[in-house]
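Reviewing the structure listed below.
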Amino acid sequence: QVVFALNQTLLQQESLRAGSLQIPYTTEDLIKHYNCGDLSSIIFNHDTSQVPNFINATLPAHERTTAQEIDSYFRQELIYKRNERMGRRVKDLLEERPDKSFFFAFGAGHFMGNNTVIDVLRREGYEVEHTPAGQAI
């Protein structure tokens, strides 16, 4: 599985470099949707851009199964569990020091798709609001 994942990642990067594969969104798209509070937009249909998409319709059936297993593993281990840990750390800090004010900054990847840091905090009973760019806090 590791060799398969490395090969697929290298193939994807080589295709990007050669121009035969295009990322379906630009950095400007990310910024626009972030500023609008719309990170669950259609451009994020693969939960995150931080993990290569191993699932490819041109793969043979046995490799497609391997790709789905790896994709699921990465999504669970690298995205969901990470966001869960970060959300719990925020919750713990807020509860340990209720008399203090905090400012937390996260990369955009923590807000895309399902099981985001915001989802974790909302499940814990916190109210989370989006602050658009340029709006005073």
Side-chain angles (χ1 to χ4, degrees):
Q1 286 183 339
V2 171
V3 171
F4 175 84
L6 288 172
N7 281 334
Q8 291 301 310
T9 301
L10 288 172
L11 287 170
Q12 190 173 36
Q13 292 302 312
E14 288 168 355
S15 296
L16 285 169
R17 179 178 271 177
S20 60
L21 177 66
Q22 297 290 319
I23 296 176
Y25 51 85
T26 65
T27 300
E28 289 76 26
D29 291 331
L30 292 173
I31 292 168
K32 178 182 144 207
H33 287 277
Y34 178 81
N35 286 338
C36 293
D38 182 27
L39 287 178
S40 60
S41 168
I42 191 68
I43 66 171
F44 301 112
N45 63 358
H46 182 70
D47 274 331
T48 183
S49 61
Q50 297 171 335
V51 177
N53 186 4
F54 297 114
I55 302 170
N56 181 331
T58 64
L59 293 173
H62 71 283
E63 286 186 357
R64 204 166 329 144
T65 300
T66 300
Q68 289 169 334
E69 290 169 358
I70 292 170
D71 185 76
S72 176
Y73 173 82
F74 277 157
R75 188 182 320 273
Q76 185 64 38
E77 296 298 319
L78 298 181
I79 308 301
Y80 299 160
K81 285 185 179 180
R82 174 196 65 177
N83 286 341
E84 191 71 36
R85 282 191 307 273
M86 293 180 90
R88 276 202 223 112
R89 287 179 186 158
V90 167
K91 174 187 168 288
D92 291 346
L93 281 169
L94 293 171
E95 290 177 356
E96 288 170 11
R97 298 181 181 96
D99 56 324
K100 299 282 184 186
S101 293
F102 291 91
F103 175 83
F104 299 99
F106 299 97
H110 296 281
F111 303 103
M112 292 190 278
N114 299 315
N115 300 309
T116 67
V117 171
I118 292 172
D119 294 333
V120 171
L121 292 170
R122 285 183 174 149
R123 280 194 306 266
E124 293 292 333
Y126 287 91
E127 183 178 324
V128 180
E129 293 180 25
H130 175 259
T131 304
Q135 180 178 327
I137 298 176

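Computed from a predicted structure; not experimentally measured. In what follows, residues are counted from 1 in the order of the sequence shown. No hydrogens, no waters, no symmetry mates; every other heavy atom, side chains included, goes into these values.
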Test side-chain contact (heavy atoms from CB on, under 4.5 Å) applied to Glu129 - qualifying residues, sequence neighbours left out
Glu127
Enter the distance from [X]:[atom1] to [Y]:[atom2] here, rounded to the nearest 0.5 Å.
{"X": "Asn83", "Y": "Asp119", "atom1": "CG", "atom2": "CG", "result": "8.5 Å"}
{"X": "Asp92", "Y": "Glu124", "atom1": "CG", "atom2": "CD", "result": "8.5 Å"}
{"X": "Thr116", "Y": "Met86", "atom1": "OG1", "atom2": "CE", "result": "11.5 Å"}

side-chain contact (heavy atoms from CB on, under 4.5 Å) with Tyr80: of Gln76, Arg82, Glu84, only one passes, and it is Gln76
With sequence neighbours excluded, what pairs up with Phe102 under the ring pair (Phe, Tyr, Trp, His ring centres under 6.0 Å) test?
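Residues passing ring pair (Phe, Tyr, Trp, His ring centres under 6.0 Å) with Phe102: Phe104.
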Name all residues meeting the ring pair (Phe, Tyr, Trp, His ring centres under 6.0 Å) criterion together with Tyr126; count only those two or more places apart in sequence or in a different chain, and write none if there are none.
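Applying ring pair (Phe, Tyr, Trp, His ring centres under 6.0 Å) to Tyr126 gives none.
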Is there a path of hydrophobic side-chain contacts, each under 4.5 Å between heavy atoms of I/L/V/M/F/W/Y residues, joining Leu93 to Val117?
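Val117 and Leu93: one cluster.
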According to a 4.5 Å side-chain heavy-atom criterion applied to Ile, Leu, Val, Met, Phe, Trp and Tyr, with indirect links allowed, do Leu94 and Ile118 form part of one hydrophobic cluster?
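Linked within one cluster.
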Where do Leu121 and Lys91 come nearest, in terms of heavy atoms and distance?
CD2-N, 4.1 Å
Check whether Ser72 reaches the backbone of Gln68 with its side chain - one donor and one acceptor, N or O, closer than 3.5 Å.
no
